[in-house]
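Written out below as C-alpha cells is the structure these notes cover.
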Amino acid sequence: MESQKKYPRSFSFEFFPPKTEEGIARLRATWQQLAQLKPRFFSVTYGAGGSTRDRTLNAVLDIRDSGCDAAPHISCVGSSLDDISATLELYKANGLRHIVALRGDLPSGTASSGELRYANELVEFIRRTTGDHFHIEVACYPEVHPQARSVHDDLQAFKRKVDAGANGAITQYFFNADAYFRFIDDCEALGISVPIVPGIMPINNFFQMARFSDMCGAEIPRWLRMKMQSYGDDTASIRSFGLDIVTELCDRLLSQGAPGLHFYTMNQAGPASTIWQRLGL
Ligand code: FAD
C-alpha cells in the first residue's frame, strides 16, 4: 500500500444521467446536497454506444455551472471513431478537462462492437487526438473483471491503460478490503504508479445490488448475504446494517492508505452523506 499513501486524497460521487424532468430535478437536489461536502469532483456515467451522450453532458454542465468539477464518462464499445471524436470535441468545446474512459458493456445480442475493442485503445485514442487536454481516469477490478482470462491478464490490461496515458483509476466496488490491498500490492509490483481510488457502493437496496453484483463481478461475501437475508422485509435494518458495513470498509481503506473514495451514489445523497459524516471527513 506504500505507493498509494503519497497521493492527496480524492473524494468523488458518481451519478447516472436521468431520463425525465423529474429525475433531473431530483439529481440536482442530490448533487447540491453532496456539494456541501466539497468533493474533488462528481462524475456522470455514459451509456454504451453513446446512448446517453446528451443527457450525460447536460447533467455534467448543470453541476459544473455551479462551480464544482464534473467529469463525464465516455465509453468506446458500440461507437465509431468518428462518434468518439465528436464526443471528445463536445466535451472540449464545453471546457471539460476531466473524463472517465471505459470500454462499456453492450446489451447482449447487439451486433456492432465498434472500432475500439478495449479501454486501453480508447485511452490511446484520446491522448493521440487531444494530447494532454484531459485528465483521464480508468476503471480497475480488485476482484478481477468477469471477462478476464486470468488475474494476470486483467492486471496487464489495467497496466496497458495506465501506460497509454491514464492519470488515475477508480475501482469496481467490493466489500472485501483485503482484495483491494492485495490488488494494490500487485499493481505496485508491476510498476503501476497512479492513484487507485476505491469505488464504494453504499448498500441501499441490498437485493437489487446483489443481482447486479453477480453480473459485474463484485463479490458479496456469504456472511453478508446471509445476514441481509435474515432481515427479510425489514428494510430499515438492512439499510442500517449496510451503513455499518460500508462505513467500516471505508474506515479501514482510508486508515491503511487508500487515496480517497469514489461513491456510486445511484443518484441518492442520503447513504453516501451518512457514511461521510460517520467517517468524520
Ligand atoms: P477494459 O479495460 O477494456 O477491460 C475489459 C475486459 O477486457 C477485462 O476483462 C480485461 O481484462 C479484458 N481485456 C483488456 N484488454 C484486453 C486484450 N487486449 N485482450 C484480451 N482481453 C483484454 N460502463 C458504461 O457503460 N458506462 C459508464 O459510464 C461506466 N462507468 C464505470 C465507472 C467505473 C469506475 C467502473 C469500475 C466501471 C464503469 N462501467 C461503465 C462499467 C465498465 O464499462 C465495464 O466494467 C466493462 O465491462 C469494462 O470496462 P473497462 O473500461 O474496464 O474495460
Side-chain angles (χ1 to χ4, degrees), residues 10-18 40-53 55-57 59-60 70-79 83-84 87 91 98-108 110 113-126 135-174 179-180 183 186-187 190 192 194-201 212-219 258 260-267:
S10 164
F11 295 94
S12 46
F13 297 105
E14 180 175 308
F15 307 123
F16 57 85
R40 184 171 147 244
F41 69 98
F42 293 103
S43 83
V44 182
T45 60
Y46 187 91
S51 55
T52 70
R53 189 171 82 170
R55 287 190 281 123
T56 297
L57 181 66
V60 159
H73 295 205
I74 182 169
S75 66
C76 58
V77 78
S79 294
D83 293 336
I84 296 169
T87 304
Y91 289 170
H98 190 172
I99 51 179
V100 185
L102 304 135
R103 183 195 70 177
D105 291 311
L106 278 181
S108 57
T110 312
S113 61
E115 288 180 67
L116 302 177
R117 288 187 64 196
Y118 297 110
N120 67 297
E121 297 168 20
L122 175 62
V123 177
E124 272 164 34
F125 181 77
I126 298 170
H135 180 96
I136 305 175
E137 316 268 359
V138 290
C140 61
Y141 302 84
E143 294 181 328
V144 187
H145 186 269
Q147 290 157 2
R149 281 178 299 223
S150 66
V151 176
H152 173 80
D153 278 11
D154 209 31
L155 280 163
Q156 289 295 341
F158 176 37
K159 185 171 186 324
R160 277 196 293 275
K161 295 191 272 195
V162 174
D163 290 345
N167 303 98
I170 301 167
T171 75
Q172 183 59 277
Y173 67 88
F174 54 86
Y180 172 80
F183 177 72
D186 288 345
C187 291
L190 279 178
I192 295 173
V194 293
I196 301 172
V197 174
I200 301 297
M201 181 68 90
F212 178 63
S213 301
D214 290 339
M215 289 184 294
C216 71
E219 192 180 51
L261 302 168
H262 177 84
F263 289 93
Y264 298 105
T265 67
M266 308 307 283
N267 291 9

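Order of appearance sets the numbers: ligands from 1, and atoms from 1 within every ligand.
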Checking heavy-atom distances from atom 14 (C) of ligand 1 to each of Ala166, Ala157, Ala169, the winner is Ala157

Counting distance only, does the side-chain N/O of Lys161 pair as donor-acceptor with the main-chain N or O of Ala101 below 3.5 Å? no

Can a side-chain donor-acceptor contact be found between Glu137 and His73 if the only test is distance below 3.5 angstrom? no

Please confirm whether Ala119 comes within less than 3.5 Å of ligand 1 when only nitrogen or oxygen atoms on both sides are compared. yes

Look at the rings of His135 and His98 and say which category their plane angle falls in: under 30° parallel, 30 to 60° tilted, over 60° perpendicular. perpendicular

Using a 3.5 Å cut-off on N or O atoms only, is Gln172 in polar contact with ligand 1? no

Would you say Asp105 contacts ligand 1, with heavy atoms under 4.0 Å as the rule? yes

Taking distance alone, with no angle check, do Arg160 and ligand 1 share an N/O pair under 3.5 Å? yes

If you take the nearest heavy atom of each of Leu102, Val144, Ile170, Val123, which one is closest to atom 31 (C) of ligand 1? Leu102

When only distance counts, is Tyr141 in polar contact with ligand 1, meaning an N/O pair under 3.5 Å? yes

For atom 4 (O) of ligand 1, is some protein heavy-atom partner under 4.0 Å away? no

Please indicate whether any nitrogen or oxygen in Thr45 is less than 3.5 Å from any nitrogen or oxygen in ligand 1. no

Tell me whether the rings of Tyr46 and Tyr91 are parallel (<30°), tilted (30 to 60°) or perpendicular (>60°). perpendicular

